[in-house]
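The next block holds one structure in the form of structure tokens; read it before the comments.
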Amino acid sequence: EAAIMKFSPKASKVSVDLSQLSLKSDADENLTIHFLVTIDSQTYSAIMQYSNTSSIRLYLYRQGTTQQLYDSQVIDT
């Protein structure tokens, strides 16, 4: 939530398309989640990285492209 609010602090509606959810973990307890998120009426491809369950980083891309629109940088949880 904090990462999305940094991208769009005035967002009135945020929804995640759970049907498109993809998870990948590694031996170091890192988790990467790919999903679609709609913020107000704009849909983005999103990648959320969890590192050792103590920090997150969100990347947003223009849907259907590789154009990165946002990088939250590391946010400690």
Side-chain angles (χ1 to χ4, degrees):
E1 181 179 324
I4 290 174
M5 293 311 294
K6 284 177 68 176
F7 172 70
S8 184
K10 296 182 181 182
S12 61
K13 183 177 180 184
V14 176
S15 61
V16 175
D17 183 352
L18 297 177
S19 70
Q20 301 293 319
L21 198 67
S22 169
L23 302 168
K24 181 181 178 185
S25 62
D26 64 25
D28 295 324
E29 297 184 13
N30 297 316
L31 178 65
T32 301
I33 305 171
H34 295 256
F35 58 97
L36 296 178
V37 61
T38 301
I39 302 170
D40 292 328
S41 61
Q42 182 66 46
T43 301
Y44 303 92
S45 297
I47 298 174
M48 180 78 75
Q49 295 178 326
Y50 290 86
S51 300
N52 298 318
T53 66
S54 63
S55 64
I56 63 168
R57 188 169 187 170
L58 175 70
Y59 300 92
L60 295 178
Y61 297 85
R62 186 172 310 283
Q63 186 180 10
T65 74
T66 58
Q67 181 184 5
Q68 183 178 316
L69 302 174
Y70 176 69
D71 175 354
S72 70
Q73 301 301 314
V74 174
I75 299 172
D76 292 323
T77 56

> With a 4.5 Å limit on heavy-atom distance, are the side chains of I33 and L21 in contact?
Replying inline: yes
> Which word best sums up how the rings of F7 and Y70 line up, parallel for under 30°, tilted for 30 to 60°, or perpendicular for over 60°?
Replying inline: tilted
>> Are the side chains of S45 and L36 in contact, using a 4.5 Å heavy-atom criterion?
In response: yes
> So, for T66 and Y61, which heavy atoms are closest and what is the spacing to 0.1 Å?
Replying inline: O-CD2, 3.6 Å
> How many angstroms lie between atom CG of L31 and atom NZ of K24, to the nearest 0.5 angstrom?
Replying inline: 11.0 Å
>> Would you compute the distance between atom CG of L60 and atom CD1 of I39 and round it to the nearest 0.5 angstrom?
In response: 5.5 Å
> Tell me, do Q63 and Y44 make a side-chain contact under 4.5 Å, heavy atoms counted?
Replying inline: no
> Do K6 and L58 have side chains that get closer than 4.5 Å, going by heavy atoms?
Replying inline: no
>> Could you walk me through whether V14 and V37 satisfy the side chain to side chain contact (heavy atoms under 4.5 Å, CB included) test, starting with their C-alpha distance in whole Å, then the side-chain angles of each, then the deciding distance to 0.1 Å, before giving a yes or no?
In response: CA-CA 7 Å; V14 176; V37 61; 3.8 Å; yes
> How long is the gap from CE on M5 to CD1 on I75, to the nearest 0.5 Å?
Replying inline: 12.0 Å
> What residues form a side-chain hydrogen bond (donor to acceptor under 3.5 Å, both in side chains) with R57, not counting sequence neighbours?
Replying inline: Y59, D71, Q73
>> Any side-chain to backbone donor/acceptor pair from D40 onto K13? Under 3.5 Å, distance only.
In response: yes
